Amino acid sequence: LAMAETAFGAQEGAVEEEESIEGKALRSDFSETSFFYPSLRTDSRGHVAVVFTLPESLTSWHLRGLTHTATLESLSFSDTVIAQKPLMAELQLPRFLRVGDEVTVTATVSNISDEALSGRAVLEVLNAETQRVMRRERVLFSLASNTDTVYTFRLSVNGAPELICRWQAEGSDASDG
């Protein structure tokens with residue numbers, strides 16, 4: 001576990017254009033339940049793989065199934081499926097802020113793959129009404145397998161009444177945000 005700290009304020013003003021992480025698909029389907037419409041695939045030895053799509057929430061799901069043949073032979077199974085990505089970016093924000101508040105925002109980049117990952121992460125603070133980027137902070141990371149790093153950012157709310165905070169991380173072949 002490593003920590004880094006950066007200070008910045010969120011107030012209206014010009015922000016020089018820096019390269020942000022564009023073109024990467026952000027997770028958007030955070031449904032609490034999943035419509036289960038599986039595809040069954042068998043291999044040459046008769047093993048069956050159940051393939052299905054989950055919502056993009058990074059969580060665990062309990063999977064239970066029952067299958068039977070035409071002669072009513074049956075088999076039931078139960079398993080836990082963990083939805084995760086090899087590189088995960090998580091931002092911890094207060095539920096609400098008021099103009100004049102000063103807070104510390106915590107952001108995490110996690111590598112849960114079996115290989116080392118390096119890349120960059122970008123925190124953007126936007127005016128919710130105009131979608132104008134008010135502040136942008138970029139950090140570089142290098143993570144060994146199955147480790148994470150925590151960044152803290154100081155945020156003063158001085159201008160816009162409603163803000164959007166976006167935290168995105170991008171490695172060589174993985175991204176999240």
Side-chain angles (χ1 to χ4, degrees), residues 1-4 6 18-95 105-126 128 131 133 136-153 164-177:
L1 178 70
M3 292 190 76
T6 303
E18 289 181 24
E19 184 182 338
S20 64
I21 299 175
E22 295 292 333
K24 299 294 180 182
L26 295 179
R27 291 181 283 125
S28 60
D29 179 7
F30 298 106
S31 305
E32 300 220 3
T33 58
S34 175
F35 177 69
F36 185 70
Y37 189 68
S39 173
L40 302 176
R41 299 189 180 140
T42 58
D43 63 15
S44 61
R45 298 183 315 218
H47 294 115
V48 177
V50 180
V51 180
F52 56 96
T53 302
L54 289 173
E56 296 171 314
S57 298
L58 304 176
T59 187
S60 61
W61 299 82
H62 297 288
L63 176 65
R64 295 183 182 156
L66 172 68
T67 184
H68 62 84
T69 65
T71 59
L72 297 181
E73 295 174 301
S74 65
L75 172 71
S76 64
F77 62 92
S78 177
D79 202 357
T80 300
V81 177
I82 300 174
Q84 61 189 18
K85 296 180 80 170
L87 175 66
M88 294 193 301
E90 299 173 279
L91 182 61
Q92 303 297 321
L93 294 170
R95 188 166 182 168
V105 175
T106 303
T108 306
V109 178
S110 302
N111 174 11
I112 58 173
S113 71
D114 293 331
E115 299 176 4
L117 279 176
S118 61
R120 64 189 173 122
V122 177
L123 175 71
E124 292 179 323
V125 179
L126 296 91
Q131 298 294 308
V133 176
R136 182 179 290 128
E137 293 288 329
R138 187 171 56 188
V139 295
L140 300 176
F141 63 86
S142 182
L143 297 170
S145 66
N146 297 305
T147 60
D148 59 19
T149 187
V150 177
Y151 298 94
T152 57
F153 300 93
I164 296 173
C165 292
R166 187 181 306 155
W167 174 244
Q168 297 174 274
E170 176 182 45
S172 55
D173 58 352
S175 65
D176 191 29

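Given the structure is predicted, the values throughout are model-derived calculations rather than measurements.
- When all heavy atoms of Asp148 and Ser110 are compared, the closest pair comes out as CB-OG, 3.4 Å.
- Annotation for Pro86 and Leu117: closest pair O-CD1, 4.1 Å, computed over non-hydrogen atoms.
- Nearest heavy atom pair, residue Thr147 against residue Ala144, reads OG1-O, 2.7 Å.
- The CH2 atom of Trp167 sits 9.5 Å away from the CD atom of Glu137 when rounded to the nearest 0.5 Å.
- Inter-residue side-chain proximity for Leu140 and Ser118 is flagged as unmet; no heavy-atom pair is nearer than 4.5 Å.
- The line from CD1 of Ile112 to NZ of Lys85 is 10.0 Å long, rounded to the nearest 0.5 Å.
- Atoms OG1 and CZ, from Thr80 and Arg64 in turn, are 8.5 Å apart once rounded to the nearest 0.5 Å.
- Considering only heavy atoms from C-beta on, Asn146 comes within 4.5 Å of Asp114 through its side chain.
- With sequence neighbours excluded, no residue forms a side chain to side chain donor-acceptor pair (under 3.5 Å) with Thr108.
- Expressed to the nearest 0.5 Å, how far OG of Ser76 lies from NE2 of His68 amounts to 12.5 Å.
- Atom-to-atom distance recorded for Glu124:CD and Arg138:CZ is 11.0 Å, nearest 0.5 angstrom.
- Under the 4.5 Å side-chain criterion, counting only non-hydrogen atoms from C-beta, Leu123 is not in contact with Val139.
- At least one side-chain heavy atom of Val50 sits under 4.5 Å from a side-chain heavy atom of Leu40.
- Side-chain contact between Leu87 and Phe141 is present, with heavy atoms from C-beta onward closer than 4.5 Å.
- Shortest non-hydrogen contact noted between Val133 and Arg136 is CG2-NH2, 3.4 Å.
- Taking 4.5 Å as the limit, every side-chain heavy atom of Val105 sits out of range of all side-chain heavy atoms of Cys165.
- Proximity of Ile164 to Gln131: side-chain heavy atoms (C-beta onward) are separated by under 4.5 Å at one or more points.
- Minimum interatomic distance between Met88 and Asp176 (heavy atoms only, all atoms of both residues): CA-OD2, 3.3 Å.
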